[in-house]
Novice: 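Submitted below is the structure of interest, expressed as structure tokens.
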Amino acid sequence: MSKKFYITTPIYYVNDKPHIGHAYTTIAADVLARYYRQKNYRVYFVTGTDEHGAKVAQSANAAGMEPKAFCDQNSALFKETFKALNISNDYFIRTTDERHRVGVVKFLSKLHSNGDIYEGTYEGLYCVGCERFIKEKELVDGLCPDHKKAPEKVSERNYFFKLSKYLPAVRKLIEDGTIKILPHGREKEVLGLFKQDLEDFSVSRENVQWGIPLPFDEKQKTYVWVDALLNYITAIGYGDNDAFFEAWWPADVHVMARDILKFHCVYWPALLLAAGLPVPKVVYLHGFFTLDGKKMSKTLGNVIDPNDLVKKFGIDATRYLLLTQFPFGQDGDIKESLFAEKYNADLANNLGNLVSRVLNMIEKYCGGTVPKDVVSPIPLAHVGDYIELLQFDRALKELWEAVMKANQIIDEAEPWKLAKDPGKREQLETVLSQLAALLLEFAAAIEPFMPETADIIIGSLNEARITKGDPLFKRV
RNA sequence: CGCCGGGUAGAGCAGUGGCAGCUCGCGGGGCUCAUAAUCCCGAGGUCGGGGGUUCGAAUCCCCCCCCGGCAACCA
């Protein structure tokens, strides 16, 4: 039996349309999923949408829709976008799914009966303008800095999770590497959190309507973050399919952006321990990016819709362009204006043109068949290792070095001259066969990143009669 | 206030103690199989500023400046 690999993205909040941040995370996870499938792992790849909470209810109201209808509409947008990006998820979970509700109820009931959930009162300062609780130290002269208004003192009856009881255990699991937090710098950040103010947190909301009712107090709704985290287990059958759940849990890797580190590296393991479940093996926090040096935001109007990129550059190019902006795991800046430049240079000129030259010469000089069975002259030794470490930029760099080297080989060998000299037939056939082998090896290695491109290259070279065909990437 | 990250050629980024690298762009040359593509050569950097450690620092330590993020249900 081959090894299993369960990989997740965060579930995305349906309050917003999909943007390139969502695309970035999901493409990265997709690369891993495809890579491990290629290695014959049994892979289960889950993404989905997070649909509860006051904010969604408000947005639905503003749109004149019922919350569920609003969620149906926006969740569908994510599904469509991921399809447009050729994301190979095995399952798409929605927190409004009935099976998710069943799992959440089971989970919370368990914690409640274990005594890890207790009733308390949350007291805080609430700013109506911000529509949130703010901390005393955030206030300027006793007023909300954004709205210049005094916050109201509000107390709310809530149920709390005994986080404090599990903190030492979670910390130990991180320190001894049972839960790997990557890249390495992030582990330090998480361990730093344990020295700060980690308190028991509320798992319910009294005045939120749009949510999953608590099994032990139907008037209260499940706090949306708890609801959301549980997707990782309900998606694989916690609550309605024990065998399936046992087969896949724990997650081999949770991929996400670094802003939700605390929820995934502290709260989530603690909740799992309380329920007597294994903890995830790896949590990978990738970097944040800015757009043209500015934070991505709706008010600045610099949000990029991944569907627009796909329309302009195609699916594989969009995947490539997003992952090659900066090292995965670090922060970086994305300049949309550079996409076209990089597309032309890397994809149209280097790779696309290489494929054209090789296919054309095989068609012209060798009658459309690869004459010899030889090995590629350029090894791709580390691509797999880099992918396993989520160093996508390095993997792609090694692949592109091979492409550039291939172009050099052609210029040095000058097959067009060899073709004119019958005495050099042997050399001609060898070099073209080597190039064909190189392209096949390249295609296999690029498949996790650019599945369609890989198929086209492999398909072209497997034709009974190879022809030049259409350009892989037209210049823009 | 706190916490995290960044400031390296015109642009985008690697490099974390030992002669400063890659890609794009730019200038010159070559080739003609190819998507005005490709190949070769070249110009271009006080590695944010200052101080220190060291035989030696972009790389380690201290101070400062600038940019971004988290803390706020936008990956």
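A, B, ... follow the sequence lines: proteins, then strands. Residue 1 opens every chain.
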Novice: Are any of A:K364's side-chain N or O atoms less than 4.0 Å away from OP1 or OP2 of B:A34?
Specialist: yes
Novice: Stacking between A:Y13 and B:C73, defined as ring centres under 5.5 angstrom apart with planes under 30°, is that present or not?
Specialist: no
Novice: For nucleotides B:C26 and B:G2, find the distance between their C1' atoms and express it as a whole number of Å.
Specialist: 46 Å
Novice: The side chain of A:R258 is closest to which nucleotide in this list: B:U35, B:C33, B:C70?
Specialist: B:C70
Novice: With heavy-atom distances below 4.5 Å as the criterion, would you say the side chains of A:F160 and A:I117 are in contact?
Specialist: no
Novice: Over all strands shown, is A:L359 touching base, sugar-phosphate only, or nothing at heavy-atom distances under 4.0 angstrom?
Specialist: nothing
Novice: Would you kindly compare A:I410 and A:M404 by the position of their nearest RNA chain B nucleotide and give the one closer to the 5′ end?
Specialist: A:I410
Novice: At 4.0 Å (heavy atoms only), tell me whether A:Y223 reaches a base, stays on the sugar-phosphate, or touches nothing.
Specialist: base
Novice: Is A:N15 close enough to B:C73 that one of its side-chain N or O atoms is under 4.0 Å from OP1 or OP2 there?
Specialist: no
Novice: Considering every strand and a 4.0 Å limit on heavy-atom distances, what is the contact class for A:G352: base, sugar-phosphate, or nothing?
Specialist: base
Novice: For a quick test of reading the model: is some side-chain N or O of A:Q408 closer than 4.0 Å to OP1 or OP2 of B:U38?
Specialist: no
Novice: Rounding to a whole Å, what distance do you find between A:E398:CD and B:U23:C1'?
Specialist: 16 Å
Novice: Using whole Å, report how far CG of A:N344 lies from C1' of B:G12.
Specialist: 16 Å
Novice: Which value, in whole Å, describes the distance between the P atoms of nucleotides B:U46 and B:A20?
Specialist: 13 Å
Novice: Within this structure, what is the CD-to-P distance between A:E412 and B:C31, rounded to whole angstrom?
Specialist: 16 Å
Novice: Tell me what A:P18 touches on the nucleic acid: a base, only sugar-phosphate, or nothing, going by heavy atoms under 4.0 Å.
Specialist: nothing
Novice: Atom CG of A:D346 and atom P of B:C22: how far apart are they, to the nearest Å?
Specialist: 16 Å
Novice: Sort out for me which residue in A:I181, A:V190, A:L182, A:V255 forms a side chain to side chain contact (heavy atoms under 4.5 Å, CB included) with A:L285.
Specialist: A:I181
Novice: OP1 or OP2 of B:C39 sitting under 4.0 Å from any side-chain N/O of A:R357?
Specialist: no
Novice: Mind checking A:A345 for me? I need base, sugar-phosphate or nothing, with any heavy atom below 4.0 Å counting as a touch.
Specialist: sugar-phosphate
Novice: Where the side chain of A:D411 is defined as all heavy atoms beyond and including C-beta, which of B:A34, B:G12, B:C39 is the nearest nucleotide?
Specialist: B:C39
Novice: Give a yes/no answer on whether the side chain of A:R475 brings an N or O atom under 4.0 Å of OP1 or OP2 in B:A36.
Specialist: no
Novice: Checking contacts here: which listed nucleotide (B:C24, B:U35, B:C31) is nearest the side-chain heavy atoms of A:A348?
Specialist: B:U35
Novice: Mind checking A:K420 for me? I need base, sugar-phosphate or nothing, with any heavy atom below 4.0 Å counting as a touch.
Specialist: nothing
Novice: C1' atom, B:G45 versus B:G21: distance in rounded Å?
Specialist: 11 Å
Novice: Checking side chain to side chain contact (heavy atoms under 4.5 Å, CB included) between A:L359 and each of A:L435, A:T467, A:L472, A:L461, which is the one that passes?
Specialist: A:L461
Novice: Side chains of A:V56 and A:E51, heavy atoms from C-beta outward: is any pair under 4.5 Å?
Specialist: no
Novice: Take A:H264 and A:Y232, measure what side-chain hydrogen bond (donor to acceptor under 3.5 Å, both in side chains) needs, and give me the verdict at the end.
Specialist: CA-CA 11 Å; A:H264 285 82; A:Y232 299 128; 2.7 Å; yes
Novice: Under 3.5 Å for both donor-acceptor distances, Watson-Crick or wobble: does B:G2 have a partner, and if so which one?
Specialist: B:C70
Novice: Please state whether the base of B:A37 and the side chain of A:N349 form at least one donor-acceptor pair under 3.5 Å?
Specialist: no
Novice: Identify which nucleotide among B:A34, B:C39, B:C31 has an atom closest to any side-chain atom of A:N353, counting heavy atoms from C-beta outward.
Specialist: B:A34
Novice: Please work out if A:F473 contacts a base, only the sugar-phosphate, or nothing of the nucleic acid, heavy-atom cut-off 4.0 Å.
Specialist: base
Novice: Should the pair A:F263 and A:W225 be assigned to parallel (<30°), tilted (30 to 60°) or perpendicular (>60°) ring geometry?
Specialist: parallel
Novice: If you look at every strand shown and take non-hydrogen atoms under 4.0 Å, does A:P471 touch a base, only sugar-phosphate, or nothing?
Specialist: base
Novice: Checking side chain to side chain contact (heavy atoms under 4.5 Å, CB included) between A:R319 and each of A:I87, A:T453, A:V310, which is the one that passes?
Specialist: A:I87
